[in-house]
Amino acid sequence: MGIEPGRLQFSWVSSAESTKFVTVVREVTETIRALGPNQTFVKTMPKVA
Amino acid sequence: MLAYTEKIRDIARRLLKECRVDLVIGFQKGSMPMMNEPCLIRRPEDTDRLVWDSSCGINLANYLTDRKEKIAVVAKGCDSRNIVTHIIENKIRRDQLYIVGVPCGGMIDKRRVAAVYDGEILEVGEKDGSVIIKGRGFDGVLKKEEVMQQNCTLCTHRNPVICDEWVADRVDEQTGVDRYADVRAVESMGAQEKWRHFEDLLAPCIRCYACRNACPLCYCPTCFVDESRPQWVGKSQDPVDVRTFHFLRAYHCAGRCTDCGACERACPVGINMRVFTKKLEKDCLDLFGWEAGLSLEERPPLDTYRANDPDDFIR
């Protein structure tokens, strides 16, 4: 659709899998930081409705 | 295809006289050429308003949802598949419907016809595969296959899949049709290129929602774009809002859209937004082997869970 691969990620983590949750969050945050600020889905028009 | 008009009128007259139905939904001539309107008839004397030609492009299944009467509806191939979807989704019951099935040869695209001529077109007729145009100060004849709607050129379900009375004999289905050539062209673009492509495609959009209003699948009492608490998507013409609307509407039609083309037909600025719904249609076919509206028994893919549903995108 035009969003860079890596910006949208899916993961299946149960509330009991706390270690996995921490790992996933850390990895996704790193990937997104590397990609930089989102340039595409950003509204530029002054706020209307 | 034009002899169908008499047959449709006869069927409608008979059904109303015998009180088999309370309402007949068909097509009537519009006030502009090539724009036939929906026609709701409750009395046998009014059935002469009904017509059939290659400008009957709107989807009459749009007018069925949540009705309580017994209804006879004129249905082309695509429309009949939307009727099946409505029955599956409980928007109308099968026993309320008397489906007058019309094997369809395709509809003409008013923009393609208008592009051929400079002046105003006053009248459009048809004869034996030709489209006869009378304009202000000019006349013309075109081959129908050269001015057909794109979705009709790619159609693989011309015959109604559900029918109580046939208006004519079945026509042959097209074979060897590549429905997704334009979708694959967009899929092969890189992220930046896709973004620009969608920006150009959707630039004229004025958020009139004609596409949504013409679509038989869009029957939500409060559409996601009208919701304000919470506001899911802005109403502005910011490119991001426009894209969100079109992408999300396509997702809501996933596994349900039959590519009837009513959305593109309705668009006042001529946007070819069917590429989005066709992408979802292709994905449903690839991922779930699903084609919309072919079976009254099977549940759609976004309705059911199967153990072998694709999940390679989940880590």
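Every heavy atom of this structure was used, including side-chain atoms; hydrogens, water molecules and symmetry mates were not. Order of the sequence lines sets the chain letters (A, B, ...), proteins ahead of strands, with each chain counted from 1.
- Of the two parts of Phe198(B), only the side chain, counted from C-beta on, holds a non-hydrogen atom closer than 4.5 Å to a non-hydrogen atom of chain A.
- Here the side chain of Asp238(B) pairs a donor or acceptor atom with the backbone of Met45(A) at under 3.5 angstrom.
- Using a 4.5 Å cut-off between heavy atoms, Gln9(A) contacts chain B through its side chain alone, with no backbone atom that close.
- Heavy atoms from other residues, nucleotides or ligands lying under 6.0 Å from CD of Glu173(B) number more than 12.
- For the pair Phe41(A) and Thr244(B), the tightest heavy-atom approach, listed with the atom from each and the gap, is CE2-OG1, 3.4 Å.
- The contact between Phe247(B) and chain A is made entirely by side chain atoms (from C-beta outward), counting heavy-atom distances below 4.5 Å.
- Sparse packing is recorded around CZ of Arg26(A), with 12 or fewer heavy atoms of other residues, nucleotides or ligands lying under 6.0 Å away.
- In this structure, no portion of Val13(A) lies under 4.5 Å from any heavy atom of chain B.
- No side-chain heavy atom of Asp311(B) sits under 4.5 Å from any side-chain heavy atom of Phe10(A).
- More than 12 heavy atoms of other residues, nucleotides or ligands sit less than 6.0 Å from atom CE of Met189(B).
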